[in-house]
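Computed from a predicted model, the values in this text were never measured in an experiment.
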Amino acid sequence: MAHSVVIIGSGFGGIGMAIRLREAGVRDVVVLEKADDLGGTWRDNTYPGAACDVPSHLYSFSFERKTDWTRRFPPQPEILEYLRHCARKYGVLEQIRFGTEVTEARFDEDAALWRVSTTTGELDARVLVSACGQLNRPALPPIEGRESFAGTSFHSSRWDHGTDLRGKRVALVGTGASAIQIVPEIAREAAELRLFQRSAPYVIDKPDRPYRAWEKAVLKAVPGAYALSRARIYAMFESRALGFVKFPKLMGLMEKGFRKHLEEQVADPALRGRLVPGYRMGCKRILLSDTYYPALNRSNVELVTDPIERVTPSGVATAREHHDVDVIVYATGFRSTDFLSPMKIVGRDGRELNEAWRDGAQAHLGITVSGFPNLFLLYGPYTNLGHNSIIYMLESQFRYVLGCVEALRRHGLDWIDVKPDVQDAFTREMRERLRSTVWEAGCESWYMTADGKVVNNWPGFTFAYRNATRRPDPRHFTVRRATVR
């Protein structure tokens with residue numbers, strides 16, 4: 001018997017979607033999770049210092065408020081426990097099939113079902129929801145000799161906690177969001193830390209601190225206090241969209257703050273010069289830290305800006321120097337534009353999603369893909385943010401998907417499929433609007449495909465996206481009425 005909904009992934013998207021479906025009365029829901037625990041990126045990224053760069057009151061579900069966060073910016077273990085709590089409280093935990101990786105999903109048009117193949121067997125679904133996210137497939141750099149290294153090496157999202165870094169010579173490759181959290185932590189333990197920087201990031205002040213006991217008491221006891229805190233944070237972050245997508249010249253004001261932050265924390269002018277990015281602020285992800293730059297001042301830390309030529313059995317070589325190290329950590333990000341890879345998704349008329357997306361991922365509102373009926377994406381193309389909480393975007397998508405599921409039931413439909421011209425119009429609009437954003441200001445970033453298309457980010461305000469996804473428009477879809485079988 002076919003399940004009403006099958007969800008792939010158990011991070012914020014998968015857990016939140018399952019909760020909303022249960023609340024809407026859709027109980028026959030299965031969540032497929034390839035790992036042995038839920039949590040998505042917050043399960044995988046356990047590196048030292050892992051934390052969120054969105055304040056805790058906003059980086060949480062609006063329907064499950066947590067008034068006792070320990071810090072303003074939540075650490076990884078606390079976020080993971082929050083997700084576990086949500087899954088337990090709302091009865092989702094028993095719907096998750098752990099250790100079950102999806103290998104293929106094929107739409108059977110005659111039966112109006114998704115035939116889902118997994119590593120533990122087959123199952124059918126009327127509706128298939130991908131909640132895989134954008135940051136779950138580690139990207140290892142194509143450096144010559146990488147496999148020849150005789151010491152220990154690993155990606156930051158697959159941290160080897162069995163490796164003791166105390167007294168070791170460590171190479172950290174990359175200076176992105178993970179790296180700036182890792183550096184201050186391992187710099188205190190390693191005998192030597194060499195940080196290999198390809199391009200300098202913009203790092204600004206992170207106003208993090210523990211919440212005081214009286215603050216948590218007020219948030220719990222005073223009606224509206226938590227909502228007010230959440231609204232204030234949302235408004236502050238949302239205002240940054242003006243610089244990212246409307247008036248990129250406004251980023252100059254933030255850049256002044258960056259330079260002041262750098263000057264206050266790095267006294268050496270030569271080092272400071274190598275930490276100034278060569279691209280417009282915001283083109284790549286802006287990072288938050290109060291501890292990254294001070295760690296670079298330590299005598300056991302060396303910033304290496306010469307390009308890596310190769311990895312050898314004993315270390316890392318640039319054109320000018322060979323660096324002998326015991327451990328290499330690759331903080332080199334993720335294959336963020338692959339979306340559903342490596343799953344094979346086959347829609348109507350045998351069309352493969354990888355083929356449909358050969359020129360870049362496309363999905364109407366980042367959620368529905370033409371030719372793939374009853375398939376919905378969470379955190380799909382054009383829905384990432386540079387300025388606010390992705391949880392807000394996910395909750396907008398939950399409501400849209402629920403509207404589609406309800407339409408199937410209410411109108412007795414076998415399937416709905418977004419029209420190709422609707423999807424094409426949305427894609428053209430996104431690409432046109434993205435041209436004037438700071439993300440297309442001449443740098444290379446993880447927002448882009450290999451040929452330079454930004455396919456990850458939403459070029460607007462998050463409240464505009466919420467309005468666009470308020471309810472599915474029947475005019476946007478081709479449908480098939482249910483038939484008696």
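Using a cutoff of 4.0 Å between basic side-chain nitrogens and carboxylate oxygens, D208 and R71 are scored as salt-bridged. The residues E109 and R348 are annotated as salt-bridged, a charged nitrogen and a carboxylate oxygen being separated by less than 4.0 angstrom. With respect to R115 and D124, a salt bridge is recorded, a charged nitrogen being found less than 4.0 Å from a carboxylate O. Under 4.0 Å is where a charged nitrogen must lie from a carboxylate oxygen, and between D349 and R351 no such pair does. Taking the charged nitrogens against the carboxylate oxygens, E406 and R471 have no contact shorter than 4.0 Å, which rules out a salt bridge.
Within the 4.5 Å cutoff, the side chain of I204 has no heavy atoms near those of the L287 side chain. Counting heavy atoms from C-beta outward, P373 and F107 have side chains that approach closer than 4.5 Å. Side-chain atoms of L195 and Y292, non-hydrogen and from C-beta on, do get closer than 4.5 Å to each other. Residues F244 and L385 are not in side-chain contact: their nearest non-hydrogen atoms beyond the backbone lie 4.5 Å or more apart. With a 4.5 Å cut-off on side-chain heavy atoms, C86 and I19 count as touching. In this structure, the side chains of H3 and L123 come closer than 4.5 Å at one or more pairs of heavy atoms. The closest side-chain heavy-atom distance from E429 to E432 is not below 4.5 Å. Side-chain contact between L288 and F73: present, with at least one pair of heavy atoms (C-beta onward) separated by less than 4.5 Å.
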Given the rule in the side-chain hydrogen bond (donor to acceptor under 3.5 Å, both in side chains) test, do E78 and T70 qualify, once you have shown the distances and angles that lead to the verdict? CA-CA 8 Å; E78 198 169 358; T70 60; 2.6 Å; yes
So T469 and Q397, side-chain hydrogen bond (donor to acceptor under 3.5 Å, both in side chains) or not? Walk me through it. CA-CA 7 Å; T469 55; Q397 292 160 29; over 6 Å; no
Given the rule in the side-chain hydrogen bond (donor to acceptor under 3.5 Å, both in side chains) test, do Y234 and N388 qualify, once you have shown the distances and angles that lead to the verdict? CA-CA 7 Å; Y234 172 81; N388 215 319; 4.9 Å; no
Show your working on side-chain hydrogen bond (donor to acceptor under 3.5 Å, both in side chains) between S62 and E395 and close with a plain yes or no. CA-CA 8 Å; S62 63; E395 292 201 49; 2.6 Å; yes
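Here R65 pairs with nothing under the salt bridge (charged side-chain N to carboxylate O under 4.0 Å, His left out) rule; sequence neighbours left out. The ring pair (Phe, Tyr, Trp, His ring centres under 6.0 Å) search around H476 returns H364, not counting sequence neighbours. Every residue two or more places apart in sequence or in another chain was checked for a salt bridge (charged side-chain N to carboxylate O under 4.0 Å, His left out) with R97, and none qualifies.
Relative orientation of the W42 and Y59 rings is perpendicular, given thresholds of 30° and 60° on the angle between their planes. Ring geometry for Y279 against Y202 counts as perpendicular: the plane angle is over 60°, on a 0 to 90° scale with 30° as the lower cut.
Aromatic pair Y293/H261: ring centres closer than 6.0 Å. Aromatic rings from W69 and Y82 are positioned such that their centres are separated by under 6.0 Å. Taking the six-membered ring wherever Trp is involved, the centroid distance between the rings of F12 and F61 falls below 6.0 Å. For Y465 and Y392, the distance between ring centers is not under 6.0 angstrom. Taking the six-membered ring where the residue is Trp, the centroids of Y90 and F63 are separated by under 6.0 Å.
Within 6.0 Å of atom CG in D36, 12 or fewer heavy atoms from other residues, nucleotides or ligands are found, so the atom counts as exposed in its surroundings.
The structure places OG1 of T383 at 9.5 Å from CH2 of W458, a figure rounded to the nearest 0.5 Å. For the atom pair CG of L219 and OH of Y226, the computed distance is 8.0 Å after rounding to the nearest 0.5 Å. We find the CE-CG distance between M17 and L394 to be 10.0 Å, quoted to the nearest 0.5 Å. With rounding to the nearest 0.5 Å, the separation of CD in E263 from CG in L275 is 13.0 Å.
Taking the ring centre of F463 as origin, the terminal cationic atom of R466 falls outside the region bounded by 6.0 Å and 45° from the ring axis.
In terms of modelled atom types and a separation under 3.5 Å, the side chain of N374 and the main chain of R126 share a donor-acceptor contact.
Across all their heavy atoms, S4 and V26 have their closest contact at CB-CG1, 4.0 Å.
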